[in-house]
Amino acid sequence: MIDYGRPVVEVARELLGCVVRHGETAGRIVETEAYHHSEPACHAHVGLTPRTRVLFGPPGRAYVYRSYGIHALLNAVAEPEGVGAAVLIRALEPLEGIETMRARRGRTATRDLCSGPGKLTEALGIGLDLDDTPLGDPIEILPRDAPAPPVAVAGGRIGITKAVDLDWRFCVAGSPWLSRPAG
DNA sequence: CATGGGATTGACT
DNA sequence: GTCAATCCCATGC
């Protein structure tokens with residue numbers, strides 16, 4: 001099992017190489033970012049509100065929220081209960097159910113099915129209804145069955161305006177499935 | 001109650 | 001490279 005109750009940066013590294021499954025679709029995590037309530041880029045920075053309740057809840061649950069009014073983004077809640085922190089899943093290598101993914105996303109190159117946080121949720125059929133559900137059912141995150149892949153610390157996180165200097169984006173080195181090339 | 005911003009994507013120039 | 005789409009919710013009056 002994966003221990004989500006550890007420091008969020010450790011969990012972000014640990015998740016690289018693990019497999020996410022939802023129904024018939026599955027993919028290997030190749031890119032993550034860490035968010036912690038102590039820094040202003042994290043939603044939990046504002047404190048405990050209805051929106052951030054899940055982030056402060058027990059680790060190992062899904063935090064799914066709507067971005068730019070359009071996309072659903074998938075996070076894994078980390079750190080002990082009471083600490084607002086989560087790992088954003090930013091990109092996957094498609095493994096199973098690729099035709100289902102293609103059907104959900106439209107005629108799309110395999111390379112573009114899961115190469116972004118909004119893309120992979122659409123490909124796996126993950127929506128806001130899965131917010132605050134345990135990682136295990138219906139979304140599964142399986143521990144690695146192989147040694148940890150080489151990790152590239154890709155520098156700053158993407159698409160944010162605050163705490164841009166934190167090097168909290170992690171990629172599988174050399175993976176062709178990233179949302180953006182590693183730093 | 002009104003307002004503004006955001007962890008993005010895809011279409012278009 | 002630029003830009004619109006679109007909605008939840010925190011904040012402020």
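Quick note on labels: first sequence line is chain A, next is B, and so on, each numbered from 1. Since we're looking at a predicted model, the values are computed, not measured. Computed from heavy atoms alone, side chains included, the values below leave out hydrogens, waters and symmetry copies.
Projected onto DNA chain C by closest heavy-atom contact, Thr49(A) and Arg66(A) fall at different nucleotides, the more 5' of which corresponds to Arg66(A). Residues Val46(A) and Ile70(A) both approach DNA chain C. Their nearest nucleotides, taken by heavy-atom distance, put Ile70(A) toward the 5′ side. Along DNA chain B, the nucleotide nearest Lys162(A) and the nucleotide nearest Lys119(A) are compared for position; the residue whose nucleotide lies closer to the 5' end is Lys162(A).
Both tests pass for Arg157(A) against the ring of Tyr35(A): distance under 6.0 Å to the centre and angle within 45° of the axis.
In this model, the phosphate group of dG10(B) is approached by a side-chain N or O of Arg105(A) to a distance below 4.0 Å at OP1 or OP2. The side chain of Ser67(A) contributes no N or O atom lying less than 4.0 Å from OP1 or OP2 of dC7(C).
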| message | For a ring pair (Phe, Tyr, Trp, His ring centres under 6.0 Å) check, start with the C-alpha distance between His43(A) and Tyr65(A), then their side-chain angles and the critical distance, and finish with the verdict. | response | CA-CA 10 Å; His43(A) 292 168; Tyr65(A) 81 99; 4.5 Å; yes
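Across the protein-nucleic acid pair, Leu120(A) atom CG and dA7(B) atom P stand 17 Å apart, rounded to whole Å. Computed from coordinates, the Asn75(A) CG to dG6(B) C1' distance equals 14 Å when rounded to whole Å. One can place CG of Leu113(A) at 15 Å from C1' of dG10(B), the figure rounded to the nearest angstrom. A straight line from CZ of Arg157(A) to P of dT8(B) spans 11 Å, rounded to a whole angstrom. Per the geometry, NE2 belonging to His71(A) stands 7 Å off P belonging to dG10(B), to the nearest Å. Note: CG (Leu73(A)) to C1' (dT9(B)) measures 11 Å, nearest angstrom. Residue Glu122(A) contributes atom CD, which lies 11 Å from atom C1' of dG10(B) at whole-angstrom precision. Rounded to an integer number of Å, the gap from CG of Leu166(A) to P of dA7(B) is 14 Å.
Closest to the side chain of Ile158(A), from the set dA7(B), dA10(C), dT8(B), is dT8(B). Of the candidate nucleotides dC7(C), dA7(B), dA10(C), dA10(C) has the atom lying nearest to any side-chain atom of Arg51(A).
Residues Arg13(A) and Thr32(A) bring no donor and acceptor atom of their side chains to less than 3.5 Å of each other.
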DNA chain B in dot-bracket form (Watson-Crick or G-U pairs under 3.5 Å, [ ] crossing, | inter-strand) is ||||||.|||||.
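For Arg144(A), there are no side chain to side chain donor-acceptor pair (under 3.5 Å) partners two or more places apart in sequence or in a different chain.
Considering every non-hydrogen atom in both Ile160(A) and Lys162(A), the closest pair reads CD1-O, 3.4 Å. When every heavy atom of Gly5(A) is checked against every heavy atom of Asp3(A), the shortest pair comes out as N-OD1, 3.0 Å. Closest non-hydrogen pair, Thr108(A) versus Leu113(A), comes out as CB-CD2, 4.1 Å.
Remark: ring of Tyr68(A) not stacked against base of dA5(C); the cut-offs of centroid gap under 5.5 Å and plane tilt under 30° are not jointly satisfied.
Contact annotation for Leu128(A): no contact, since no heavy-atom pair falls under 4.0 Å across all strands.
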